[in-house]
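One structure is given below, encoded as C-alpha cells.
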Amino acid sequence: MHIRAKIVILSILIALCAYIILGTVFMMNGWGIFVRVALYVAGGAGIILGVLFFILKKDALLKTALVLVVCGVLVFTSVIILNYTAHLNELETDEEKMNALKSLIDGAGAWSMLVYVLVQILQVVILPLPAFVCYFPGTLIWGPGIATLLASAGVLIGSLICYFLGKLFGRRAVEWIAGKEATDKYANYLGKRGKGLFVIMQILPFFPDDILCLIAGLTGMNFIFFLATMIIVRPAIVATYCYLGSGDIIPFSGWGIPVWIAIFAVCIVLAVLSFKYQDKIESWLKQKFTKKSIK
C-alpha cells in the first residue's frame, strides 16, 4: 500500500476514534461510568493500535482496524440518536437503557433477524471483522440459541458465496479479494491433497477461514466435501462464541470474573505466539497432512 494511502487511513481512524471519545464526553452523560470508561478505552485503543500498525507497516491490520472503528462509530452514533429520539437518557440505569434498546430491536421482528443474517454474510464475503464482534450482539438480543442459528445460516451462505466466487471467477478474482501473496500461499498449501489441512485450518482461530473458502474454489476440492466441512465446523464454532458470550456458561460476575481474565490473558498470549510463528505452524501442518495423504 502506498504511504499516502496509509496516512489517509490512519488519519480517518484517529479522527473517528476522537469522535467516539468526544461524543462520550458530551453526549453520553446519562450513562454509567462503566459504559463511558469502556468507550474511552475503545477510542484510545483504536488510536494506539492504528499508530502501531502504521509504524510496523502492518497494512492488512491497519485496514481491519479502520473497518472495526467504522462499525463501532455507526453503532455509537445510533445509540446517541436513540438517546434522544427514544428518550433513553430518561432511564436511570444502564441496564434499563440496554433493555430499552433490546426492545426496540425486538420490535422490528423478522426484519432485525434478516439484517443480522445479512451482516454475517457480509462479514464472511466482504468485511474483515472478527467473528465475536458479529455474533455477540445477536446473543444479547435473542439469546445464544437463536443467535447461533441465525449466525450459522449467514456464515454458511457467505462461505458458499466465497467458494463459488473462486470456482466461477478464478484466480484473478480471488487475488483481487484476498491478495496475491495469500492466494499463492494457501492455494499451494491446499492443492489436491489438502482436505485434512483445510478442516484443521477452519477449526484453528488464527487462519483466515473466509479466504480459505475462496481458495478452496480454486483447488480440486469437490463441493460435497466443502459443504460437509462447513455444515459440521462452522455452526460448532459459532455456537461456542454465542454460548460463551452469553454468560450462561461462565458468568460475567462473581467467580466468572477471574476466569474471564485468565481466558483473555491466554487468548492474548496465543494470538501473539500464532502471529509470530504462523508460518512455521502452517508449514508443519502442511508437511504432516500431505505426508499422510501421499502414503
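Residues: numbered from 1 along the sequence shown. Atoms considered below: every heavy atom in the structure, side chains included; atoms not considered: hydrogens, waters and symmetry mates.
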How many angstroms lie between [atom1] in [X] and [atom2] in [Y], if you round to the nearest 0.5 Å?
X      : Y      : atom1 : atom2 : answer
Phe225 : Phe198 : CZ    : CZ    : 7.0 Å
Leu68  : Lys63  : CG    : NZ    : 14.0 Å
Tyr163 : Leu214 : OH    : CG    : 12.0 Å
Leu122 : Ile157 : CG    : CD1   : 11.0 Å
Lys57  : Leu62  : NZ    : CG    : 13.5 Å
Leu165 : Leu218 : CG    : CG    : 10.5 Å

Worksheet item: Within the distance-only criterion (no hydrogens, no angle test), does the side chain of Ser152 pair as donor or acceptor with the backbone N or O of Leu149 below 3.5 angstrom?
Response: no
Worksheet item: Run the side chain to side chain contact (heavy atoms under 4.5 Å, CB included) check on Val125 and Asp210 step by step: do they pass?
Response: CA-CA 7 Å; Val125 181; Asp210 303 328; over 6 Å; no
Heavy-atom closest pair, residues [X] and [Y]:
X      : Y      : value
Ala236 : Thr240 : O-OG1, 2.9 Å
Ile231 : Leu156 : N-CD2, 3.9 Å
Phe226 : Ser159 : CZ-O, 3.5 Å
Val238 : Ala151 : CG1-CB, 3.6 Å

Worksheet item: In terms of the angle between their ring planes, are Trp142 and Tyr116 parallel, tilted or perpendicular, with boundaries placed at 30° and 60°?
Response: perpendicular
Fill in: Test item: Arg234 and Val124 side chains (from C-beta on) under 4.5 Å apart, heavy atoms
yes
Response to the item:
With Asp209 as partner, the option from Met230, Gln202, Met201 fulfilling side-chain contact (heavy atoms from CB on, under 4.5 Å) is Gln202
Worksheet item: Out of Val155, Val119, Thr148, which residue meets the side-chain contact (heavy atoms from CB on, under 4.5 Å) rule with Tyr135?
Response: Val155
Between [X] and [Y], is there shared hydrophobic-cluster membership here, with clusters defined by ILVMFWY side-chain heavy atoms closer than 4.5 Å?
X      : Y      : result
Val8   : Leu52  : no
Ile48  : Ile55  : no
Ile161 : Ile224 : yes
Leu66  : Leu56  : no

Worksheet entry | From CA spacing to verdict: ring-ring contact (aromatic ring centres under 6.0 Å, His included), Phe223, Phe164 | CA-CA 9 Å; Phe223 175 69; Phe164 283 110; 5.3 Å; yes
Worksheet entry | Under the side chain to side chain donor-acceptor pair (under 3.5 Å) test, residues paired with Asp184 that sit two or more places apart |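 Asp184: side chain to side chain donor-acceptor pair (under 3.5 Å) contacts with Arg171, Lys180.
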Pairs under 3.5 angstrom only: tabulate donor-acceptor contacts from the side chains of residues 9-26 to other protein residues two or more places apart or in another chain.
{"residue": "Ser11", "atom": "OG", "partner": "Ile7", "partner atom": "O", "Å": "2.7"}
{"residue": "Tyr19", "atom": "OH", "partner": "Thr77", "partner atom": "OG1", "Å": "2.9"}
{"residue": "Thr24", "atom": "OG1", "partner": "Ile20", "partner atom": "O", "Å": "2.6"}

